[in-house]
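First the structure, in the form of structure tokens, and then the observations on it.
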There are 4 protein chains.
Amino acid sequence: MSNRKFLGICGSLREASRNMGLLRCAGEVMPEGAELAIADISELPFYVEGREKTEAVSIFLEQVKSADGLVLAVPEYNYSVAPALKNALDWASREKGDILAGKPAAMMGAGGGMGTSRAQYHLRQTCVYLDIRVLNRPEVFSNAFSDAFTENGSVSDTEEGKKLRAKVAAQMKALCEM
Amino acid sequence: MSNRKFLGICGSLREASRNMGLLRCAGEVMPEGAELAIADISELPFYVEGREKTEAVSIFLEQVKSADGLVLAVPEYNYSVAPALKNALDWASREKGDILAGKPAAMMGAGGGMGTSRAQYHLRQTCVYLDIRVLNRPEVFSNAFSDAFTENGSVSDTEEGKKLRAKVAAQMKALCEM
Amino acid sequence: MSNRKFLGICGSLREASRNMGLLRCAGEVMPEGAELAIADISELPFYVEGREKTEAVSIFLEQVKSADGLVLAVPEYNYSVAPALKNALDWASREKGDILAGKPAAMMGAGGGMGTSRAQYHLRQTCVYLDIRVLNRPEVFSNAFSDAFTENGSVSDTEEGKKLRAKVAAQMKALCEM
Amino acid sequence: MSNRKFLGICGSLREASRNMGLLRCAGEVMPEGAELAIADISELPFYVEGREKTEAVSIFLEQVKSADGLVLAVPEYNYSVAPALKNALDWASREKGDILAGKPAAMMGAGGGMGTSRAQYHLRQTCVYLDIRVLNRPEVFSNAFSDAFTENGSVSDTEEGKKLRAKVAAQMKALCEM
């Protein structure tokens with residue numbers, strides 16, 4: 001149905017990241033025809049006005065430009081957004097052509113008891129400025145310390161893991177219908 | 001009077017940063033006896049769980065530990081906090097000993113028409129978690145594109161610049177009385 | 001073109017409200033075919049679970065149901081939303097049938113120097129839960145104490161007033177294209 | 001020790017409110033010497049500029065003036081603050097003499113899975129403007145639908161209820177030490 005290509009961006013750079021696991025899960029449950037590529041933002045330097053784009057930046061910007069929409073995996077650090085994710089969006093925001101504007105997007109996150117909600121609401125405010133069209137429902141908040149995740153950060157096959165997978169699937173379906 | 005030593009942290013890494021200019025101004029107008037050192041966060045890598053501290057990180061953490069309070073210069077990028085500033089606080093938050101907790105702090109910012117207010121409110125939420133005691137009043141919001149600033153980012157001697165300097169002085173006075 | 005009927009809701013109950021003036025202006029500049037009715041929320045009681053709907057509540061809920069979208073005039077009280085506006089949405093949220101979900105909406109506000117931005121960002125978070133689809137751009141922030149407004153709260157014919165009217169018109173156009 | 005008199009304000013007007021139950025609990029666990037009175041805000045009209053104070057408003061304002069600090073029970077309605085609570089603070093904010101400024105305060109809330117956190121962060125922003133000094137730690141988030149509460153809304157004697165009582169006690173102790 002949908003032939004849309006989405007780009008996943010994960011704010012956590014650690015190994016076995018649960019947030020990266022959420023993105024992999026999103027890729028697996030995408031509606032037929034839709035695809036999810038996952039960006040590598042681990043080598044992006046801090047955005048500084050006037051700083052030249054590195055190769056990693058250029059590759060990332062091309063991925064953003066060619067994507068039909070975004071899937072944002074949003075860790076929460078100290079009640080707000082992880083700097084690596086915000087920084088990736090900051091780089092994209094400064095590229096000519098307002099390349100983020102109008103793109104549909106979905107957010108998900110794995111964190112403590114609040115499931116990264118505090119970070120997600122901050123990031124939604126950033127998306128207002130960038131004119132990213134963030135899906136309202138369903139929201140995906142998950143507990144990184146539950147058995148919904150395996151040790152390598154993937155969504156597990158436990159009861160909890162299956163529920164989470166179903167929620168991610170519902171979100172991806174809604175994203176494709178935006 | 002006050003013998004307190006404050007640490008200034010500026011979220012902008014660009015040359016001639018107005019936010020850095022605000023910090024210099026804060027240092028100049030500090031009440032007698034109080035001092036403001038300014039941290040260099042330009043070499044901090046992104047915080048990643050398990051990543052080893054670099055020398056720049058260690059130096060920064062020592063500065064935080066020995067400071068009696070913080071002065072945060074808060075640029076606004078895309079309606080939220082600049083990653084470099086958030087990242088510096090994230091590093092400090094993971095150091096043993098809860099080193100930020102209980103410190104008084106003040107926020108100021110130079111940006112567009114809203115004076116970085118959107119970023120400052122997000123950062124205040126982070127400070128709740130870190131138990132940083134942020135001064136409520138006066139808030140300092142300034143327009144980076146006004147003639148309150150010189151070309152090298154310093155607070156100017158124009159009418160606007162003098163008003164801004166007075167506001168920063170009032171904030172530093174209130175900070176020292178916390 | 002657009003035959004859509006929008007419902008305007010104003011959070012200020014005072015006479016000569018500038019926020020109400022913004023709504024009147026929005027009605028005047030609506031694209032051809034679109035219409036704006038303005039709700040009367042002055043008689044709504046506080047929502048309390050189990051409290052029976054008054055006639056004013058029932059009338060308001062019918063207006064919401066039959067509207068194709070919303071135009072929210074958002075005053076800022078103490079850095080957040082005016083209770084009367086939030087309360088109106090709270091009443092609508094408890095009506096059977098999820099009557100707000102999926103409706104497009106635009107926000108505007110007249111306030112102090114920040115133009116009610118702080119209140120608008122809070123209200124946007126409420127709209128996430130209610131699945132109201134709030135327009136990202138353009139945002140409308142206006143200074144209630146400027147000569148963009150006449151004494152009775154209407155948008156004026158001064159230079160400032162004309163700029164504001166153009167901004168409101170651009171927003172209504174974008175709303176009709178959602 | 002502490003002879004301070006605190007004023008509790010509850011944003012929920014419903015019978016058997018869990019948020020009111022939290023306030024009663026706070027009163028019971030107050031450190032020796034400290035006292036908690038609970039305001040009745042059920043009869044406050046919406047604040048409107050120029051509207052005359054009713055008797056209920058006057059009584060409430062006197063209670064605020066004579067209180068040494070505030071304990072705010074914060075329900076969450078649609079991801080933000082309950083209008084009745086915000087409205088009470090709005091009335092107090094317009095009284096001559098900046099009567100809220102400088103008062104220490106603590107927040108607690110009973111709600112869904114996030115424990116009213118979204119509402120509490122919004123209310124914290126309001127407190128910046130009003131110069132209310134809100135305690136950072138510990139935060140009190142509780143699940144209104146758990147067995148931490150009895151049917152009449154009181155904190156229960158179950159395991160969950162005892163944990164919640166201990167958390168409220170820790171918060172009241174910290175409040176008295178501000």
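Chain A is the first sequence line, chain B the second, and so forth, proteins listed ahead of strands; every chain is numbered from 1.
- Using a 4.5 Å cut-off between heavy atoms, A:Leu100 does not touch chain B at all.
- Side chains of B:Tyr77 and A:Glu49: a donor-acceptor N/O pair is absent below 3.5 angstrom, by distance only.
- Chain A forms more heavy-atom pairs under 4.5 Å with one residue of B:Lys86, B:His122, B:Gln125 than with any other, namely B:His122.
- Of the two parts of A:Leu89, only the backbone, made up of N, CA, C and O, holds a non-hydrogen atom closer than 4.5 Å to a non-hydrogen atom of chain B.
- Of all the listed residues (A:Val128, A:Asn87, A:Leu123, A:Leu85), the one sharing the greatest number of non-hydrogen pairs under 4.5 Å with chain B is A:Asn87.
- Salt-bridge formation is not detected for the pair B:Arg24/B:Glu28: no Lys NZ or Arg NE/NH1/NH2 atom is positioned less than 4.0 Å from an Asp or Glu carboxylate oxygen.
- B:Ser80 places no side-chain N or O within 3.5 Å of a backbone atom of B:Ala119 that could act as its donor or acceptor partner.
- Looking only at heavy-atom pairs under 4.5 Å with chain B, the residue among A:Pro83, A:Pro45, A:Gly50, A:Ser93 that has the most is A:Pro83.
- Residue with the most contacts toward chain A among B:Leu13, B:Val48, B:Asp90: B:Asp90 (heavy-atom pairs, distance under 4.5 Å).
- Using cut-offs of 30° and 60° for the angle between ring planes, the B:Tyr79 and A:Tyr129 rings count as tilted.
- Side-chain contact, B:Thr150 with B:Asn152: a donor N or O sits under 3.5 Å from an acceptor N or O.
- When heavy atoms are compared at a cutoff of 4.5 Å, A:Arg118 approaches chain B by way of both its backbone and its side chain.
- With hydrogens and angles ignored, the 3.5 Å screen pairs no side-chain donor or acceptor of A:Arg18 with any backbone N or O of A:Ala110.
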